[in-house]
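Predicted model only: the values in this text are computed from it and were never measured.
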Amino acid sequence: MKKLGFGLMRLPLLDFANPADIDIEQVKAMVDEFLARGFTYFDTAWMYNGFGSEKAARVALVERYPRESFTLATKLHAGFFHSREDMDKIFDAQLENTGAGYFDYYLIHGIEAGMYPKYEEFDAFGWVLDKKAKGLVKHAGFSFHDTPELLDEILTRHPEMEFVQLQINYLDWESPWVHSRACYEVAVRHGKPVIVMEPVKGGTLANLPEKAGELFRKANPAMSPASWAVRFAASLQGVMMVLSGMSNLEQMKDNLGYMENFRPLTEEEKALCFQAADIINSQIAVPCTGCSYCTEGCPMKIAIPQYFSLYNEDMRESNPEKGWTVNFTNYDLLAAKFGKAAECIECGQCEGVCPQHLPIIEHLKKVSARYDHA
């Protein structure tokens with residue numbers, strides 16, 4: 001397989017306020033372009049796009065192409081089951097949602113220290129292997145968001161898992177929260193192929209501070225900022241697939257252009273990525289990837305990732321204290337549909353599911369201080 005996978009997590013929308021209102025015609029065009037260029041890997045999950053992603057995969061992909069012409073992955077997250085019966089019900093619903101008949105790759109989803117005991121309690125690892133024995137899953141693995149020590153423990157305990165999906169990008173390579181490099185090295189040491197998620201960190205590495213962008217423009221003006229991030233991940237030995245959550249046809253065409261005949265980065269090019277990371281890390285206020293896991297259960301329906309994006313953009317200004325920016329208006333438009341940052345009740349639900357382990361409550365207070373009291 002070519003190394004670029006289509007992540008069906010940030011699909012184009014008809015209504016920005018409704019993540020399940022997917023622009024299915026644009027998704028069809030993206031699927032057509034993707035397959036026509038020789039790429040075959042599609043990645044979805046039970047709750048992506050407001051629980052609409054798997055159904056979009058059926059309409060845009062499964063019902064329009066022979067089953068053997070593509071590879072489909074989906075996932076089971078511990079937040080949605082409380083028994084083995086629940087797990088089976090979700091799996092059966094996923095088969096119905098997608099119409100795929102079987103899944104080429106099936107993942108125990110988003111393992112971290114808080115969720116791991118639940119997966120063991122209900123023997124999720126044995127459960128997915130049972131699905132494999134029945135021919136409903138071709139390859140069993142898991143996605144992971146925690147420390148290299150926990151990853152080593154899981155892979156030692158469950159060598160039957162065939163692959164690991166990790167958050168890897170040049171910005172998080174040495175992150176003390178994400179542990180990109182250290183977790184990657186654990187997976188390689190255990191001989192597990194790696195699937196990369198968040199190579200562009202939710203778009204952060206596609207929209208760079210001017211100084212970071214200039215580094216890449218000088219090196220190769222024809223390559224987009226996102227291309228450096230995706231190629232960095234794809235250049236790592238042992239990486240079998242890099243997922244990109246493409247949100248429109250333009251993003252897809254850009255990704256396909258440099259991944260169709262992929263050339264790994266040189267050591268000099270990798271060094272440029274790390275230089276850019278130093279610049280970005282000095283300016284980024286909230287390292288949010290926009291995955292939206294935090295919003296599904298928010299009782300106040302606060303648009304957490306969107307607010308963080310606005311805040312980050314303002315904080316990247318050369319003088320972030322300059323006062324009003326267009327993002328004050330953007331914030332008000334969002335707040336007309338969602339809860340304001342000031343309405344956070346500090347229940348902690350968001351922090352419990354955040355793959356980046358962010359102190360979301362404290363960050364929302366900063367957002368509120370900037371936008372709610374202007």
Check whether His363 reaches the backbone of Ala285 with its side chain - one donor and one acceptor, N or O, closer than 3.5 Å.
no

Will you find, in the side chains of Glu149 and His179, an N or O donor that is under 3.5 Å from an N or O acceptor?
no

Heavy-atom check, side chain of Tyr184 versus side chain of Pro148, under 4.5 Å
no

Contact check, side chains of Val27 and Pro12, non-hydrogen atoms, under 4.5 Å:
yes

Specify whether Phe80 and His77 have parallel, tilted or perpendicular ring planes, treating 30° as the upper limit for parallel and 60° as the lower limit for perpendicular.
perpendicular

Min side-chain heavy-atom separation Tyr106-Lys138 under 4.5 Å
no

Check: Ile279 and Glu214 side chains under 4.5 Å, non-hydrogen atoms
no

Checking Arg67 against Tyr102: charged group under 6.0 Å from the ring centre and within 45 degrees of the axis?
yes

Counting neighbours of NZ on Lys55 that are heavy atoms of other residues, nucleotides or ligands and sit closer than 6.0 Å, is the number greater than 12?
no

For salt bridge (charged side-chain N to carboxylate O under 4.0 Å, His left out), just list the numbers for Glu96 and Lys89, CA-CA rounded to whole Å, side-chain angles, deciding distance to a tenth of an Å, and then say yes or no.
CA-CA 11 Å; Glu96 182 178 351; Lys89 287 178 182 178; over 6 Å; no

Keeping the roles fixed (side chain from Glu351, backbone from Gly348), state whether a donor-acceptor pair exists under 3.5 Å.
no

Does this structure show an ion pair linking Glu346 with Lys365, if we count only N-O contacts that are shorter than 4.0 Å?
yes

Does Arg84 reach the main-chain N or O of Phe122 with its side chain, forming a donor-acceptor pair under 3.5 Å?
yes

Taking it one step at a time, do Phe308 and Ile360 satisfy side-chain contact (heavy atoms from CB on, under 4.5 Å)?
CA-CA 9 Å; Phe308 287 168; Ile360 293 175; 3.9 Å; yes

Identify the residue among Ile304, Thr295, Leu358, Ile302 that makes a side chain to side chain contact (heavy atoms under 4.5 Å, CB included) with Cys350.
Ile304

Are Phe338 and Leu333 linked, directly or through intermediate hydrophobic residues, by side-chain heavy-atom contacts shorter than 4.5 Å (ILVMFWY only)?
no

Answer yes or no: is there a side-chain heavy-atom contact under 4.5 Å between Thr74 and Asn97?
no

Test side-chain contact (heavy atoms from CB on, under 4.5 Å) on Met9 and Met197; report intermediate values, then the result.
CA-CA 11 Å; Met9 181 172 139; Met197 56 184 160; over 6 Å; no

Tell me, with the steps shown, if Tyr371 and Asp332 meet side chain to side chain donor-acceptor pair (under 3.5 Å).
CA-CA 8 Å; Tyr371 299 112; Asp332 288 340; over 6 Å; no

Same cluster or not: Phe70 versus Met246, using hydrophobic residues (I, L, V, M, F, W, Y) connected whenever any side-chain heavy atoms lie under 4.5 Å apart?
yes

For Asn169 and Asp172, indicate whether the former's side chain and the latter's backbone hold a donor-acceptor pair under 3.5 Å.
yes

Can you see which heavy atom on Ala60 is nearest to which on Val31, and at what distance?
O-CG1, 3.6 Å

Consider only side-chain heavy atoms of I, L, V, M, F, W and Y, link residues closer than 4.5 Å, and tell whether Tyr65 and Phe42 are in one cluster.
yes

Is the shortest side-chain heavy-atom distance between Cys291 and Gln356 below 4.5 Å?
no

With a 3.5 Å cut-off and no angle check, do the side chains of Tyr116 and Asp146 form a donor-acceptor pair?
no

Derivation and outcome, salt bridge (charged side-chain N to carboxylate O under 4.0 Å, His left out), residues Lys270 and Glu267:
CA-CA 5 Å; Lys270 290 178 185 177; Glu267 291 304 313; 3.4 Å; yes

Pairwise side-chain contact, Ser235 with Phe262, heavy-atom cut-off 4.5 Å (strictly under)
yes

Hydrophobic clustering (ILVMFWY, side-chain heavy atoms < 4.5 Å, transitive) - are Met315 and Tyr331 grouped together?
yes

Looking at Thr71, Leu72, Thr44, which hits side chain to side chain contact (heavy atoms under 4.5 Å, CB included) with Phe103?
Leu72

For the pair Ile280 and Leu208, evaluate side-chain contact (heavy atoms from CB on, under 4.5 Å) and give the outcome as yes or no after the intermediate values.
CA-CA 7 Å; Ile280 300 164; Leu208 303 178; 3.6 Å; yes

Return yes when atom NZ of Lys211 has more than 12 non-hydrogen atoms of other residues, nucleotides or ligands closer than 6.0 Å, and no otherwise.
no

Report the C-alpha distance between Glu174 and Arg181 in whole Å, list the side-chain angles of each, state the deciding distance to 0.1 Å, and finish with yes or no for salt bridge (charged side-chain N to carboxylate O under 4.0 Å, His left out).
CA-CA 6 Å; Glu174 298 294 351; Arg181 177 187 57 78; 2.8 Å; yes

Indicate yes or no for a side-chain donor-acceptor contact from Lys340 to the backbone of Ser368 under 3.5 Å, with no hydrogens or angles considered.
no

Quick check: does any side chain N or O of Glu362 sit under 3.5 Å from a backbone N or O of Lys366, one acting as donor and the other as acceptor?
no

Apart from Ile195 itself, what residues make up its hydrophobic cluster, given side-chain heavy atom links below 4.5 Å?
Met1, Tyr41, Tyr105, Leu107, Phe163, Met240, Met241, Leu243

Asn49-Ser53 side chain donor-acceptor pair, cut-off 3.5 Å
no

Does any donor atom in the side chain of Asn327 or Tyr311 lie under 3.5 Å from an acceptor atom in the other side chain?
no

Any heavy-atom pair between the side chains of Tyr258 and Trp228 that's under 4.5 Å?
no

Can you tell whether the side chains of Glu250 and Lys253 come within less than 4.0 Å, N to carboxylate O?
no

Glu63 vs Lys28, test: salt bridge (charged side-chain N to carboxylate O under 4.0 Å, His left out). Steps then yes/no.
CA-CA 11 Å; Glu63 293 179 349; Lys28 287 179 181 178; over 6 Å; no

Under 3.5 Å: donor-acceptor pair, side chain of Asn312, backbone of Val286:
yes

For the backbone of Glu33 and the side chain of Arg37, can you confirm whether one donor and one acceptor N or O come within less than 3.5 Å of each other?
no

Do Lys192 and Phe142 meet the cation-pi criteria used here (NZ or CZ under 6.0 Å from the six-membered ring centre, within 45° of the axis)?
no

Have Lys75 and Tyr48 got a donor and an acceptor in their side chains that come within less than 3.5 Å?
yes

Assign the ring pair Phe6 / Phe34 to parallel, tilted or perpendicular, where the plane angle (0 to 90°) is split at 30° and 60°.
tilted

Ring geometry between Phe81 and Tyr119 (parallel below 30°, tilted from 30 to 60°, perpendicular above 60°):
tilted

Separation between CZ (Phe39) and CG (Leu256), nearest 0.5 Å, reads 5.0 Å

Under a 4.0 Å threshold between the charged nitrogen and the carboxylate oxygen, would Glu185 count as salt-bridged to Arg189?
no

Would you mind checking if Lys132 and Glu162 are paired as a salt bridge, meaning a charged N to carboxylate O distance below 4.0 Å?
yes

Quick check on Gln237: does its CD atom have over 12 non-hydrogen neighbours (other residues, nucleotides or ligands) under 6.0 Å away?
no

Has the side chain of Arg231 got a donor or acceptor atom that lies under 3.5 Å from a matching backbone atom of Ser227?
yes

Group every Ile, Leu, Val, Met, Phe, Trp and Tyr by side-chain heavy-atom contacts under 4.5 Å, then state whether Val178 and Leu151 land in the same group.
no

Pair Val230, Lys3 - check side-chain contact (heavy atoms from CB on, under 4.5 Å), show working.
CA-CA 10 Å; Val230 173; Lys3 272 193 172 184; over 6 Å; no

